[in-house]
Structures are given as C-alpha cells and as structure tokens.
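All remarks here apply to the structure that follows.
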Amino acid sequence: MPRKFFQKYLPSHEAIRNNRYIARFGTLLHHPNLWHLNRHSVAGGVAIGMFSGLVPGPFQMLTAAILAVPLRVNLPVALATTLYTNPLTIGPLYVIAYWIGTLLVPGDGAPFSHPPGFDWSNLGAWLRASLEWMLSLGKPLAVGLVVLAVGLAIAGYVIVQLAWRVHVVLAWHRRKATRAGKESG
C-alpha cells in the first residue's frame with residue numbers, strides 16, 4: 001500500500017514515547033504494531049474499526065481504542081476506520097442490521113418503522129429520536145448489529161490482506177521487469 005506516503009506524516013517511535021498524553025498510559029501504548037504500517041496491523045485496525053463503527057452512540061472510537069491496544073493492531077487506522085459511520089450512513093446500516101436480525105430472530109421485536117430523518121438544525125432531537133427508534137426495534141436490531149459488525153470486520157480484514165498482497169506482488173513484478181530491462185539494455 002502507499003506506506004511511504006503515510007510514513008511521512010506519522011510520528012516517530014521516539015515522538016510517540018515522549019508525547020505527554022501517551023506517556024500517561026505508561027508502556028501500554030508503546031507496542032510497535034499500534035503505530036506501524038504493516039499488513040497485519042493495518043488489516044487488524046480496519047477490522048476493529050469496521051466492528052466498532054456499529055457500536056451505538058458516541059462510543060465507537062473508544063471501543064476501537066479499547067480493542068486495538070490489547071489486540072496490538074494499528075491504533076490510528078482503527079480509530080479512523082470507525083468514521084465510515086456518520087449521520088448519513090448510520091440509518092441505512094441499521095436498517096440492514098435489522099433485516100439481518102429478522103432473518104436470524106424471526107417474530108421478535110416491533111414491526112419495522114423507518115428511521116427518523118436527519119436534521120442538522122436540530123441534532124439533539126434527531127439523536128433522541130434515533131435512540132428511541134433503535135430501542136423500539138429490539139432483539140432483531142441487536143442481533144443484526146452484532147452479525148453485521150462481525151461480517152464487516154471479517155470483510156475489511158480480508159480485503160486489506162488481499163489488496164496489500166496484490167500491491168506487493170505487482171511491485172515485485174515491476175522490479176523484476178525493470179531489472180530485466182536494464183540487463184538486456
């Protein structure tokens with residue numbers, strides 16, 4: 001992947017260790033995989049971010065951080081990946097989760113009602129209405145959210161692993177072709 005591009009903007013290991021906010025956590029945040037861009041830590045970070053993105057309420061990034069640290073995956077990637085859910089995407093994702101839940105837990109919960117319309121001018125009322133809507137959908141929504149979150153996490157992990165591998169193989173072939181061109185020329 002474009003690792004060299006991102007490494008220009010990432011802090012060094014020394015800067016991370018000496019950061020006054022990170023220093024408060026002692027050695028908990030010093031594991032290299034929390035900050036390195038390698039195939040496994042990035043894929044794990046994407047998986048955790050995809051899973052945590054469906055956590056209700058404002059706890060998505062907190063959940064991603066809590067999971068990323070002990071699992072030793074890339075922390076910034078995990079936090080950034082949770083941003084796939086936002087006021088515009090959360091409604092459709094929860095509708096999909098409810099539909100999945102009704103397939104797995106038929107006959108439970110209230111009949112489906114459409115999510116409340118998003119309104120920037122009255123965000124607090126929209127948040128309250130969204131919470132009431134989620135609670136009214138009950139068990140099918142809860143089961144569907146877990147299944148969808150796990151499915152998205154697995155898909156994210158596999159896609160990153162495959163994309164990274166394809167990128168590496170293509171880079172090998174380009175280097176091989178370049179070397180072959182220099183040797184024949």
Side-chain angles (χ1 to χ4, degrees), residues 1-94 96-97 100-101 104 127 134 141-179:
M1 304 319 297
R3 187 168 62 179
K4 290 179 183 175
F5 171 79
F6 289 113
Q7 283 179 334
K8 289 189 289 189
Y9 302 104
L10 292 175
S12 68
H13 302 293
E14 194 63 32
I16 291 169
R17 275 188 224 104
N18 293 334
N19 183 292
R20 66 181 179 171
Y21 299 109
I22 293 176
R24 294 178 184 170
F25 295 100
T27 60
L28 184 66
L29 298 177
H30 288 186
H31 193 277
N33 273 349
L34 293 175
W35 309 102
H36 280 230
L37 291 174
N38 62 57
R39 183 172 55 162
H40 301 294
S41 69
V42 170
V46 167
I48 285 175
M50 295 299 281
F51 179 84
S52 301
L54 287 176
V55 170
F59 303 109
Q60 298 166 340
M61 285 193 176
L62 179 63
T63 303
I66 288 171
L67 292 173
V69 171
L71 294 174
R72 295 182 173 161
V73 298
N74 191 289
L75 182 60
V77 168
L79 296 175
T81 304
T82 64
L83 298 176
Y84 80 95
T85 55
N86 57 58
L88 301 176
T89 61
I90 200 69
L93 286 167
Y94 274 45
I96 292 168
I100 291 170
L104 299 172
L127 285 171
M134 286 185 282
L141 179 62
V143 169
L145 280 173
V146 171
V147 171
L148 182 60
V150 169
L152 288 173
I154 291 169
Y157 185 86
V158 169
I159 289 168
V160 170
Q161 288 281 351
L162 290 174
W164 200 294
R165 179 70 181 157
V166 165
H167 177 76
V168 167
V169 168
L170 289 175
W172 287 345
H173 289 300
R174 279 192 298 271
R175 281 194 302 259
K176 185 177 179 182
T178 302
R179 274 187 259 132

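Side chains included, hydrogens not; waters and symmetry mates left out as well; all remaining heavy atoms used.
Residues passing the side-chain contact (heavy atoms from CB on, under 4.5 Å) test with Ile154, sequence neighbours excluded: Val150, Val158.
For Thr82 against Ala64, the heavy-atom pair with the smallest separation is CG2-CB, 3.8 Å. Nearest heavy-atom pair, Phe51 versus Ala149, reported as atom, atom and distance to 0.1 Å: CD1-CB, 3.5 Å. Closest of all the heavy-atom pairs between Gly45 and Val77 is C-CG1, 3.9 Å. Of all the heavy atoms in Ile100 and Val147, the pair that sits closest is CG2-CG1, 3.7 Å.
Remark: Ile48 CD1 to Leu67 CG distance equals 5.5 Å, nearest 0.5 Å. Atom OG1 of Thr81 and atom CG of Leu152 lie 11.5 Å apart (nearest 0.5 Å). Summarising the geometry, atom NE2 belonging to His36 is positioned 13.5 Å from atom CG belonging to Leu75; distances are rounded to the nearest 0.5 Å. Atom CH2 of residue Trp172 and atom NE2 of residue His167 lie 11.5 Å apart, to the nearest 0.5 angstrom. Note that CG of Leu79 is 11.5 Å distant from CD of Gln60, once rounded to the nearest 0.5 Å. Atoms NE2 and CG, on His40 and Asn74 in that order, are 13.5 Å from each other to the nearest 0.5 Å.
A heavy-atom distance below 4.5 Å is found between the side chains of Tyr84 and Leu54. Counting only heavy atoms from C-beta outward, the side chains of Leu145 and Tyr94 approach each other to under 4.5 Å.
Panel note: side chain Thr85, backbone Gly53; a donor-acceptor pair is recorded below 3.5 Å.
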